[in-house]
Amino acid sequence: MTVESGAVAACSSNTTSRSSSPTGYMETTLSYSSIEDLQLLSWDNAPKYCVQLSIPGGTILLQAANSYLRDQWFHSLQWKKKIYKYRKVLNNPSRWDVVLKEIRALVDMALTSPLQDESIHQAPLHIISTLLAENSNLSAQDHENIIVAIAPLLENNHPPPDLCEFFCKHCRERPRSMVVIEVFTPVVQRILKHNMDFGKCPRLRLFTQEYILALNELNGGMEVVKKFIHSMHGPTGQCPHPRVLPNLVAVCLAAIYSCYEEFINSRDNSPSLKEIRNGCQQQNDRKPPMPLRLLRPEPPPLPPAPILPLSNTPSPPQSSPPAPTNPAIPSIPISSPTPSLPLSPPPSIVNSSEILVELERNNNTANAKRKGGPARGDSEPNLIDCLLVSPALNTLSIQLPAQADRVLGCFALILKMLSDYDDWRPALASLLQPIPFPKEALAHAKFTKELKYVIQRFAEDPRQEVHSCLLSVRSGKDGWFQLYSPGGVACDDDGELFASMVHILMGSCYKTKKFLLSLAENKLGPCMLLALRGNQTMVEILCLMLEYNIIENKDTQLQIISTLQSTQVGFRMYEQLCDRQRELKELQRKGGPTRLTLPSKSTDADLARLLSSGSFGNLENLSLAFTNVTSACAEQLIKLPSLKQLNLWSTQFGDAGLRLLSEHLACLQVLNLCETPVTDAGLLALSSMKSLCSLNMNSTKLTADTYEDLKAKLPNLKDVDVRYTEAW
């Protein structure tokens, strides 16, 4: 019987074939197991493009429309028939030497098949994973023989979930096996290079995790892991595989999370963050708490910590002579004792045996009262508020099991390795910016100490996209900057890392009132203490706070001045500040021209020299067009109180300068940024300049979204030029 082209289709059961026009032998479905022989018709005068099936009781001819379709039918039916045979043999194993031989034949059949389909390689892997799942009593040697036999199939295919489970077991039980290095290494490399979502394939992630732990068990230990990470990055300065870093970070985060899973699960009946913040006042309404086991037995209560006034802080080393009194400095009445300012506010401690945390930051409470707002009321406290450990809690400790401790050390070290690659550091900083670790990990001193190296690498990187990730993703959330600053749960030094972070942030585009105001509200005590110890960055911070009038309280201003005068570097910078204030007063004195144009080729130094030569209190229109000024000249421009029109056409004025102008020149009405290197990052800051009525952004990197945002936030903006931009 002959069945015409298009009459054969695969049955959904994958064990039978059926015809779309059932007649004759094909009136019912045909089982693959009933096919005794399968061949192409090749004799003379044979029907064209036919496949002959021999079944009990007869023969079936399947006729295709062309030779390509005929060959496709032939190889598909042949493959299905063989797969059925191998599945039947391997489902009932008797002798394992025969089984191993059949597995090798199955692999060869899949590799030599001319069919191009994912199931051609995945079906044999599923058959073998089922075989292994149903025969768990195999010897280790049998395991290795099977893994070696299927290795060729894994070169271009991910292992299925059950097979991943088998590989994980082998890594745990025989980490020093040569199979781990010779067979698993290319499989894991392929997973890291090509996997797109571990959420859909969690066992691939677990297999990668167990493979790395097996490498760590070799004689070389972490040196072997380091070589593996380097092989994934490649020998060049740029990794050619963009998926490697996100996949490695996902494996590390999941492994670190698993180390604290026992503690995380114990949260189920423990106080919520809101209850912790409110002092667990509703304790009687809750079931008996399950201990979090985060602490050793509660230490005996300590007497209240006295508030340390600044006048009692240690004096500079005797080798440094006391700063002389300079009559040129404005007279400041500091003969009376300096008002007390607590450097480390005494914390509020929950008197509970299960967890001891600081309930509220005194600084934040004071700021809320000063601003007339509620102290966050019923809102959920942020992460760092619940983790800030009081000075009395020196016994805070999380005791991990030995295996979890090894896992933590391994994957924390991998994060440190990843941070050493310059091309990976921006993406790594971005992935870690929303703090992805559980609060139990952040309360663990060993983990935060290991992670400190990564944060230091971020703080040392001059690229803005790296060190800006030290800050929180959005306002109201704490980031690494808060976590590793004095008072943060991860701070284990005297503020060296904090000073390094402040230095790099202030050195880029963060020399703004907003950043200084945040430091003044939350970290003024640590800043003053480090300045008292001669840290130049903190001395500069205190001077800027005075220069920008960040501190309104007179007593606090006097205390800052006393702190600056207590060291040589502070005394020198404070003296320079006073000189700048006198120059500023002279510059802003009424008088001078109302319009000023600098010659072309003028530089930042030329502008500073010009503005220091007299009074410019009446200057309303300044043109710097076609000069060589940069964002650095913004330091001079913000000193002009009457400036209303500013022309920066064809200069190198950039985003950092725009941010500074937006905070200090609120009365600016006309701004020309034509052909400047400004981008959306700086242009968005102009949304706070409500007086702007004319803005030229011709030939800049303005985008349409930023343009729409500026139009919505600048109600007085009437004249806008966006030609030759994306928004045009």
Side-chain angles (χ1 to χ4, degrees), residues 140 143-144 147-148 151 164-193 195 198 203-235 239 241 244-262 397-422 424-425 428 431-432 437 441 444-457 492:
H143 283 177
E144 293 197 0
I147 292 173
V148 172
C164 285
E165 192 70 32
F166 172 70
F167 290 169
C168 290
K169 181 181 178 182
H170 190 81
C171 287
R172 287 191 294 266
E173 295 179 354
R174 303 198 67 190
R176 296 174 179 268
S177 168
M178 289 306 297
V179 168
V180 173
I181 299 295
E182 296 178 356
V183 178
F184 289 168
T185 297
V187 178
V188 173
Q189 287 178 335
R190 187 180 189 280
I191 291 172
L192 291 175
K193 291 177 182 178
N195 177 68
F198 276 132
R203 294 193 185 181
L204 287 179
R205 177 196 55 75
L206 186 61
F207 168 47
T208 306
Q209 176 182 326
E210 294 293 346
Y211 166 79
I212 293 175
L213 291 174
L215 293 183
N216 192 35
E217 293 294 327
L218 298 178
N219 291 336
M222 286 308 299
E223 283 301 318
V224 181
V225 177
K226 187 174 183 179
K227 290 180 180 178
F228 173 73
I229 299 297
H230 182 71
S231 71
M232 295 306 306
H233 178 275
C239 178
H241 304 286
V244 169
L245 177 67
N247 285 333
L248 279 173
V249 172
V251 171
C252 290
L253 295 183
I256 292 171
Y257 183 90
S258 68
C259 296
Y260 300 95
E261 202 160 8
E262 179 183 355
S397 175
I398 294 180
Q399 297 296 332
L400 294 178
Q403 177 60 22
D405 196 61
R406 286 194 295 271
V407 172
L408 177 66
C410 176
F411 287 96
L413 193 56
I414 289 177
L415 288 177
K416 294 163 71 172
M417 294 177 192
L418 299 180
S419 69
D420 285 332
Y421 291 94
D422 289 341
W424 275 352
R425 203 174 299 131
L428 178 63
L431 290 169
L432 297 184
F437 303 104
H444 189 194
K446 178 179 178 179
F447 173 70
T448 53
K449 186 175 181 180
E450 292 289 338
L451 200 64
K452 183 178 179 180
Y453 177 85
V454 179
I455 306 305
Q456 284 176 326
R457 297 295 286 164
D492 61 351

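Hydrogens, waters and symmetry mates play no part in the numbers below; they use all other heavy atoms, side chains included. In this chain, residues are counted from 1 in sequence order. A quick note: this is a predicted structure, and the numbers were derived from the prediction, not measured.
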Would H444 and T448 satisfy side-chain contact (heavy atoms from CB on, under 4.5 Å), going step by step from the backbone distance to the final call? CA-CA 6 Å; H444 189 194; T448 53; over 6 Å; no

Would you please test L204 and N195 for side-chain contact (heavy atoms from CB on, under 4.5 Å) and show each step? CA-CA 9 Å; L204 287 179; N195 177 68; 4.1 Å; yes

Please test F411 against Q209 for side-chain contact (heavy atoms from CB on, under 4.5 Å), starting from the C-alpha separation and ending with a verdict. CA-CA 9 Å; F411 287 96; Q209 176 182 326; 3.6 Å; yes

Run E217 and R176 through salt bridge (Lys or Arg N to Asp or Glu O under 4.0 Å) and show every step you take. CA-CA 7 Å; E217 293 294 327; R176 296 174 179 268; 5.5 Å; no

May I have the step-by-step check of side-chain contact (heavy atoms from CB on, under 4.5 Å) for F437 and Y260, ending in yes or no? CA-CA 10 Å; F437 303 104; Y260 300 95; over 6 Å; no

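Between F167 and F184, a ring centre-to-centre spacing shorter than 6.0 Å is recorded.
Smallest separation of non-hydrogen atoms from T185 and I181: OG1-O, 2.7 Å. Between A214 and C171, the shortest heavy-atom contact is CB-O, 4.0 Å. Taking both residues in full, the closest heavy atoms of C168 and F207 are given as SG-CA, 3.4 Å, listed atom of the first, atom of the second, then distance. L431 and P246 make their closest contact through CD1-CA, 4.2 Å (heavy atoms, listed as atom of the first residue, atom of the second, distance).
Side-chain contact between L248 and W424: present, with at least one pair of heavy atoms (C-beta onward) separated by less than 4.5 Å. Contact annotation: the side chain of L418 never approaches that of H233 to less than 4.5 Å [non-hydrogen atoms, C-beta and beyond]. The shortest distance between side-chain heavy atoms of F198 and I191 falls below 4.5 Å. Side-chain contact between I212 and C410: present, with at least one pair of heavy atoms (C-beta onward) separated by less than 4.5 Å. Residues L400 and V407 have side chains not in contact (no heavy-atom distance under 4.5 Å, counting atoms from C-beta outward).
Here M417 contributes atom CE and I414 contributes atom CD1; the two are 6.0 Å apart, rounded to the nearest 0.5 Å. How far CD of E165 is from CZ of R203: 5.0 Å, rounded to the nearest 0.5 Å. Atom CZ of R406 sits about 11.0 Å away from atom SG of C259, to the nearest 0.5 Å. Summarising the geometry, atom CG belonging to L432 is positioned 6.5 Å from atom CG belonging to L415; distances are rounded to the nearest 0.5 Å. The distance from the CG atom of N247 to the NE2 atom of H241 is 12.0 Å, given to the nearest 0.5 Å. Interatomic distance, E182 CD to I147 CD1, rounded to the nearest 0.5 Å: 12.0 Å.
At a cut-off of 3.5 Å, with distance as the only test, a side-chain donor of D420 or Y453 sits close to an acceptor on the other residue.
Ion pair R172/E210 flagged as a salt bridge, since at least one NZ, NE, NH1 or NH2 atom sits closer than 4.0 Å to an Asp/Glu carboxylate oxygen. The pair D492-K449 does not count as a salt bridge, with every side-chain nitrogen at least 4.0 angstrom from each carboxylate oxygen.
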Only pairs under 3.5 Å count here: list side-chain donor-acceptor contacts from residues 222-232, not counting sequence neighbours, and write none if there are none.
from : atom 1 : to   : atom 2 : distance (Å)
H230 : ND1    : Y421 : OH     : 3.3
S231 : OG     : F228 : O      : 2.5

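For the pair S177 (side chain) and R174 (backbone), a donor-acceptor distance under 3.5 Å is absent. Within the 3.5 Å criterion, the main-chain N or O of V251 finds no donor-acceptor partner in the side chain of R205.
K446 pairs by the salt bridge (charged side-chain N to carboxylate O under 4.0 Å, His left out) definition with D405, not counting sequence neighbours. Taking the side-chain hydrogen bond (donor to acceptor under 3.5 Å, both in side chains) definition, one finds that H143 meets it with nothing, sequence neighbours left out.
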